[in-house]
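In what follows, a structure is listed as structure tokens, so that the remarks can point back to it.
These values consider heavy atoms only, across backbone and side chains, with no hydrogens, waters or symmetry-generated copies.
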Amino acid sequence: MTERARHWQYEELPGVDLLRARYVRKTFVRHTHENFVIAAIADGVEVFHHGGGDQYAGAGALALVNPDTPHTGRAGVPEGWRYGAVYPSVDVVAEIAAETTTLRGTPGFVSPVVDDPYAVGLVHQVLRAADEGNALAADTLLRVAVTRLLRLNGGPMPRRQVRAAGARIAARARGVLEERMAQPPTLEQLAADLGTSPFALLRAFRKVYGMPPHAWLTDARVRRARRLLDLGTAPSEVAVAVGFTDQPHLNRHFGRIVGVPPGAYQRERKNVQDLR
């Protein structure tokens, strides 16, 4: 029943993050990923809010989330859930789709949950091969798993429309928050600068990005923190750089989105090849 997680990279699988975890009481707040999420449930049940409702993924199923799609995560049974996950980038999935499927446009997953014990096994074999330093097996199995899931559950990802005035304002607000991440304006200031009201901005932003501006900003800060940690920046410096008040503030939000503390995240991803 002990919670544990390992979030790492394997240099022979560029553009792919790897995760093994067991969670019991862990709750992931609403967040997004830059990469695809392909999470293979080994034991227990994960519940995640996605697309307006709760989704349930039990043993033998996969939780599939497209990039930039807001979702949460929590245990669906008292014993929690154990899983392994691969997070391939948009470019990696697009390359595999172009070579092995007939999908057109930017490929993505249609349903957030797929029951497929065989694909679950493939994902865990990818992680095992990466652990063993077997680059040929890891690369091959990843391509087989992604191809299988795209053929079973793939389709073109819908493009976010920004034609409406509210959507254009939301996109401009996002740009301001990205530029002023360390010192963001208040909702009232942001709305005034964009020539709208606070509640109109709030409604438009939530409709386009699936969460209010303050939640989006926290998510964006953690994304940028991950990139800085991957570059070797100390967690205390990262916290200030992305706009958190201090390292404990970073630790709290980082753990609620990534699932591991920033220090452990950085050590695992930095040293795994040296340790091998």
If we ignore hydrogens and angles and just use 3.5 Å, is the side chain of [X] paired with the main-chain N or O of [Y] as donor and acceptor?
X	Y	value
Thr233	Leu228	yes
Arg267	Tyr265	no
Thr196	Ala192	no
Lys26	Gly73	no
Glu3	Val24	yes
Thr140	Ala137	no

Do [X] and [Y] have side-chain heavy atoms sitting under 4.5 Å apart?
X	Y	answer
Val120	Ile41	no
Tyr10	Leu127	no
His7	Gln266	no
Ile257	Arg221	no
Asn251	Pro261	no
Ile38	Pro88	yes
Arg269	Asp230	yes
Arg22	Tyr83	no

Below 3.5 Å, can you tabulate the donor-acceptor pairs from side chains in residues 145-152 to any protein atom, sequence neighbours excluded?
| unit_1 | atom_1 | unit_2 | atom_2 | d |
| --- | --- | --- | --- | --- |
| Thr147 | OG1 | Thr100 | OG1 | 3.0 |
| Thr147 | OG1 | Arg143 | O | 2.7 |
| Arg148 | NE | Asp116 | OD2 | 2.7 |
| Arg148 | NH2 | Asp116 | OD1 | 3.2 |
| Arg148 | NH2 | Asp116 | OD2 | 3.3 |
| Arg151 | NE | Thr100 | O | 3.2 |
| Arg151 | NH2 | Thr100 | O | 2.7 |

List the atom of [X], the atom of [Y], and the distance in Å for their closest heavy-atom pair.
X	Y	result
Ala241	Ala182	O-CB, 4.0 Å
Ala21	Ala5	CB-CB, 3.8 Å
Leu201	Ala173	CD1-CB, 3.8 Å
Ala97	Pro107	CB-CG, 3.7 Å
Ala39	Ala85	CA-CB, 3.8 Å
Pro262	Leu229	CB-CD1, 3.7 Å

Side chain to side chain donor-acceptor pair (under 3.5 Å) partners for Arg224, two or more places apart: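 Side chain to side chain donor-acceptor pair (under 3.5 Å) check on Arg224 returns nothing, list empty.
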
My understanding is that only residues two or more places apart in sequence, or in another chain, count here; which of them pass side chain to side chain donor-acceptor pair (under 3.5 Å) with Asp219?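 Here the qualifying residues are Thr32.
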
Applying side chain to side chain contact (heavy atoms under 4.5 Å, CB included), run through Leu64 and Val113 and close with a yes or a no. CA-CA 6 Å; Leu64 305 172; Val113 176; over 6 Å; no

Is there any salt bridge (charged side-chain N to carboxylate O under 4.0 Å, His left out) pair reaching into [range], and which pairs are they, with sequence neighbours excluded?
range	value
residues 242-259	none
residues 184-210	none
residues 53-63	Asp54-Arg74

Can you run down the ring pair (Phe, Tyr, Trp, His ring centres under 6.0 Å) pairs that involve [range], sequence neighbours left out, and say none if there aren't any?
range	value
residues 94-127	Phe36-Phe109
residues 44-67	none
residues 229-250	Phe244-His249, Phe244-His253, His249-His253

Measure the acute angle between the ring planes of Phe205 and Tyr209, then classify it against the limits of 30° and 60° as parallel, tilted or perpendicular. tilted

Starting from the C-alpha separation in whole Å, work towards a yes-or-no answer on side chain to side chain contact (heavy atoms under 4.5 Å, CB included) for Val45 and Trp81. CA-CA 5 Å; Val45 177; Trp81 79 105; 5.7 Å; no

Does the side chain to side chain contact (heavy atoms under 4.5 Å, CB included) test come out yes or no for Val86 and Leu13, once each step is laid out? CA-CA 10 Å; Val86 294; Leu13 286 181; over 6 Å; no

Quick one: hydrophobic cluster around Val110, which other residues, with the 4.5 Å side-chain cut-off, linked directly or via members? none

Could you check whether Arg223 pairs with Glu178 (Lys NZ or Arg NE/NH1/NH2 to Asp/Glu carboxylate O, under 4.0 Å)? no

Who passes salt bridge (Lys or Arg N to Asp or Glu O under 4.0 Å) against Asp43, sequence neighbours left out?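 Applying salt bridge (Lys or Arg N to Asp or Glu O under 4.0 Å) to Asp43 gives Arg82.
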
Please enumerate all residues that pass salt bridge (Lys or Arg N to Asp or Glu O under 4.0 Å) together with Arg226, with sequence neighbours excluded.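 Result, salt bridge (Lys or Arg N to Asp or Glu O under 4.0 Å) vs Arg226: Asp17.
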
Between Val90 and Leu142, is there shared hydrophobic-cluster membership here, with clusters defined by ILVMFWY side-chain heavy atoms closer than 4.5 Å?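 Yes: a chain of side-chain contacts under 4.5 Å links Val90 to Leu142.
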
Does Leu250 share a hydrophobic cluster with Phe28, counting links as ILVMFWY side-chain heavy atoms below 4.5 Å and allowing steps through other members?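 Hydrophobic grouping puts Leu250 apart from Phe28.
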
Criterion side chain to side chain contact (heavy atoms under 4.5 Å, CB included) on Gln55 and Glu46, from CA distance to verdict: CA-CA 8 Å; Gln55 307 292 332; Glu46 179 188 13; over 6 Å; no

Which of these, Leu19, Val16, Val65, Leu18, sits in a side-chain contact (heavy atoms from CB on, under 4.5 Å) with Tyr87? Leu19

